[in-house]
Amino acid sequence: MISSIFHPTYVKHSLDWRKWRAAYASGDDFIREYLKKFSVREDNSDFADRKQMSYAPAFAKAAINDVKNSIFQRMQDIVRIGGSETYQNAVQGKGGGVDLKGSAMNNFIGTTILEDLLVLGKVGVYIDMPSSVGPTVYDSIGTTPYLYHYPVEQIRSWVTDMYGNYVTLLLEDCIYTYDKDTGLPNGITNGFRYFRLEDGVVTVTVYNEKAVILETKVLGLNRIPFVCFELSNSLMEDIANYQIALLNMASSDVAYILKANFPFYIEQYDPRSESPYVKGAGAPTYDDETGEEIGAGTETQENRSEKDDVTVGATSGRRYPISVEHPPAFINPSAEPLTASMEKQEQLKREIRQLLNLAIANLRTTNGASAESKSVDDRSLENGLSLIGLILERGEREIAKIWAEYEYSESPAEINYPRSYTLRTEADRREETKALSELMIKLPSPTYQKEVGKKMADALLGNDVKQETMDKILSELEDSPNMTSDPETLGLDLEQGLVGRELASKIRGYPEGEVEKAKKEHIERLKAISIAQAPEGGAARGVPDADVPTSGSAKKEKQQSQNPDIQPNAKKAVRGPSK
């Protein structure tokens with residue numbers, strides 16, 4: 001029966017897929033399935049209470065999302081050239097978009113395909129066409145192909161040729177059932193599609209949930225219109241169990257804090273005073289017939305318990321004898337188990353990131369080609385991210401080819417993805433840029449300085465700007481006459497005569513001709529100061545060259561009036577000690 005057919009790989013990984021998807025989704029379903037009892041000593045009631053107060057520490061999900069976002073933010077640089085007009089409109093989200101729901105291709109790949117690819121390692125895309133399309137180009141006018149994805153759990157079985165093209169394929173469909181009266185969906189049933197490529201002809205057979213054939217038709221294609229995006233391994237493979245461990249440890253800590261973290265009262269006593277062989281002053285006894293008191297009796301256990309009960313709390317007090325060495329007190333459970341658990345959780349959180357980086361660095365294509373480097377450094381990490389981008393690029397190119405076949409076009413669109421990605425945070429990039437800026441001035445080589453400057457620009461802006469903008473920045477750095485543009489450094493060099501004004505202005509990025517404008521404005525400013533400060537016929541302060549020449553006694557009189565201490569015939573004093 002068609003509904004009972006599963007590929008051996010499907011059977012092998014089906015339980016893993018369930019765990020990986022649950023660990024990524026987190027939430028109550030993850031808690032219900034993977035939270036375990038402490039031991040047999042925890043009864044069902046206590047376990048139910050603990051489960052109700054537990055939360056899912058979604059650190060594995062956050063790590064996966066960082067990878068997804070680092071790739072998604074570079075999708076603005078994807079170049080799609082050529083193809084039909086309907087294809088270009090669809091990838092831009094015009095009309096019905098690529099999925100007939102208004103989604104652009106970037107949105108469809110980034111939010112639907114990329115998530116399943118990273119979490120489960122595999123996802124499929126089916127390229128469909130409205131059934132009203134006829135066999136001729138004229139009949140296809142006004143229609144457009146569209147996409148919808150198949151989760152890995154619905155790709156039941158397959159056979160591929162030596163080139164990776166599907167020869168046979170079995171897909172599972174989830175179909176809504178509808179209420180007859182209201183037309184609203186009220187359930188889900190399963191269906192199946194079986195594809196077969198034979199002699200260049202694709203035939204598809206549709207089955208219902210009981211494996212009854214509903215329809216068989218021939219597609220006007222020479223390939224099965226299904227594209228599979230696949231990594232060598234899921235990024236959740238190593239970190240899903242870490243999240244399960246974190247879930248149980250966090251739940252244990254919460255239960256410890258809420259139930260065990262209560263102080264209790266202690267008080268010393270002398271066990272000799274409560275010996276069962278010592279009589280105490282118990283309640284009086286009475287004759288059953290006369291009712292007269294016949295004795296004091298002995299103290300019962302109930303009386304002793306009531307006498308030993310004490311009221312404790314923030315609003316109550318208690319006396320204790322002077323002879324008691326230690327007064328009554330409250331003690332509380334040790335916090336060391338809780339501290340040890342919290343430290344272990346922090347270690348697990350760090351290891352989640354490390355294992356994820358290792359998984360990305362060790363990614364390889366499904367045909368066995370490995371990443372360039374096996375070491376977990378920034379370079380190998382970026383190689384792994386680039387490999388994910390290449391897999392997305394290859395899958396989208398196959399989609400474009402099938403799209404072109406549906407439209408009887410011989411020129412599918414050309415798709416090119418960015419080649420560089422990074423997981424570094426803004427703080428990491430700034431720290432790297434700071435270190436590079438210190439290295440840039442260490443060597444006098446202009447070529448060395450320019451290359452370091454380019455590396456700084458790429459580290460700080462490489463993932464935040466479009467590629468054409470980045471190319472422009474690198475070109476400007478290459479054409480720059482000097483890599484030092486610090487105002488203080490340039491000002492000092494200018495003061496010491498090491499650089500001219502025009503070059504300094506160019507290095508600072510000012511427009512051409514600003515130096516001449518600045519000179520003219522400076523001269524006009526000095527002229528205005530001179531006019532404003534100089535007395536009639538005299539010099540302005542700081543501008544002695546503007547002084548009007550005087551001669552003879554008039555000049556001497558002017559000097560004497562300004563400096564009374566100067567005598568007309570006085571000799572100039574010689575510096576230094578008099579002889």
Side-chain angles (χ1 to χ4, degrees), residues 1-7 10-11 14-15 17-18 21-22 24-33 86 90 93-104 107-108 111-113 115-116 120 122-135 139-158 166 168-196 202-221 224-228 399 402-403 406:
M1 184 179 290
I2 197 75
S3 59
S4 61
I5 296 177
F6 296 93
H7 195 279
Y10 186 105
V11 177
S14 58
L15 294 179
W17 293 336
R18 181 180 179 182
R21 190 177 289 280
Y24 179 78
S26 300
D28 292 338
D29 291 340
F30 176 66
I31 295 173
R32 280 191 290 267
E33 184 164 0
T86 56
K94 297 178 181 179
V98 296
D99 56 357
L100 298 185
K101 298 178 182 178
S103 299
N107 183 59
F108 179 78
T111 60
T112 304
I113 304 304
E115 181 177 302
D116 272 18
L120 302 175
K122 183 178 180 180
V123 62
V125 174
Y126 186 77
I127 303 93
D128 206 350
M129 190 78 166
S131 57
S132 60
V133 177
D139 295 328
S140 302
I141 296 176
T143 61
T144 178
Y146 61 97
L147 316 177
Y148 47 91
H149 91 291
Y150 274 87
V152 65
E153 297 93 337
Q154 294 176 226
I155 307 174
R156 299 285 292 267
S157 190
W158 60 91
Y166 287 101
T168 58
L169 177 66
L170 177 61
L171 301 176
E172 179 183 356
D173 290 325
C174 292
I175 306 169
Y176 283 113
T177 59
Y178 296 88
D179 180 71
K180 294 181 180 179
D181 298 329
T182 63
L184 298 174
N186 59 2
I188 295 178
T189 185
N190 293 331
F192 303 92
R193 292 195 217 187
Y194 171 62
F195 297 87
R196 186 177 185 88
V202 178
T203 303
V204 57
T205 305
V206 181
Y207 298 82
N208 64 10
E209 72 279 4
K210 297 180 181 179
V212 176
I213 297 177
L214 300 178
E215 179 186 10
T216 299
K217 62 180 180 180
V218 176
L219 303 180
L221 303 172
I224 295 175
F226 185 80
V227 176
C228 187
I399 291 174
I402 297 173
W403 191 296
Y406 270 122

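Taking CG of Leu100 as the reference point, atom OH of Tyr146 lies at 6.5 Å (rounded to 0.5 Å). Atom-to-atom distance recorded for Ile175:CD1 and Ile188:CD1 is 10.5 Å, nearest 0.5 angstrom. Atom CD1 of Ile402 sits about 11.5 Å away from atom CG of Asp128, to the nearest 0.5 Å. The CG atom of Asp29 sits 4.5 Å away from the CZ atom of Arg32 when rounded to the nearest 0.5 Å. Taking NE2 of His149 as the start and OG1 of Thr112 as the end, the distance is 6.5 Å to the nearest 0.5 Å. The line from CZ of Arg21 to CD of Glu115 is 8.0 Å long, rounded to the nearest 0.5 Å.
Of all heavy-atom pairs between Cys228 and Lys122, the closest is SG-CE, 3.4 Å. Listed here is the closest heavy atom pair of Val11 and Phe6: CG2-CB, 3.8 Å. In terms of heavy atoms, Tyr178 sits closest to Gly183 at CD2-O, 3.4 Å. Closest heavy-atom contact between Phe226 and Tyr166: CD2-CE1, 3.7 Å. For Gly124 against Ile155, the heavy-atom pair with the smallest separation is N-CD1, 3.9 Å. Summarising the geometry of Tyr150 relative to Val123, their closest heavy-atom pair is O-CG2, 3.6 Å, with the distance given to 0.1 Å.
Aromatic ring orientation, Tyr126 versus Phe195: tilted (interplanar angle from 30° to 60°).
Between the Gln154 side chain and the Glu172 main chain, a donor and an acceptor come within less than 3.5 Å of each other. In terms of modelled atom types and a separation under 3.5 Å, the side chain of Thr177 and the main chain of Gly187 share a donor-acceptor contact. In terms of modelled atom types and a separation under 3.5 Å, the side chain of Arg156 and the main chain of Tyr10 share no donor-acceptor contact. The backbone N or O of Ile127 lies less than 3.5 Å from a partner atom in the side chain of Tyr406, making a donor-acceptor pair. In this structure a side-chain-to-backbone donor-acceptor pair under 3.5 Å is present from Asn208 to Lys210.
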Check: Hey, mind stepping through Val125 and Phe108 against side chain to side chain contact (heavy atoms under 4.5 Å, CB included) and telling me if it holds?
Finding: CA-CA 11 Å; Val125 174; Phe108 179 78; 4.2 Å; yes
Item checked: side chain to side chain contact (heavy atoms under 4.5 Å, CB included) between Ile2 and Leu170, worked out -> CA-CA 9 Å; Ile2 197 75; Leu170 177 61; 3.7 Å; yes
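In this structure, the side chains of Leu120 and Pro151 stay at 4.5 Å or more apart for every pair of heavy atoms. With contacts defined as side-chain heavy-atom distances shorter than 4.5 Å, the pair Ser3/Tyr207 does not qualify.
In the displayed structure, Leu214 atom CG is contacted under 6.0 Å by more than 12 heavy atoms of other residues, nucleotides or ligands.
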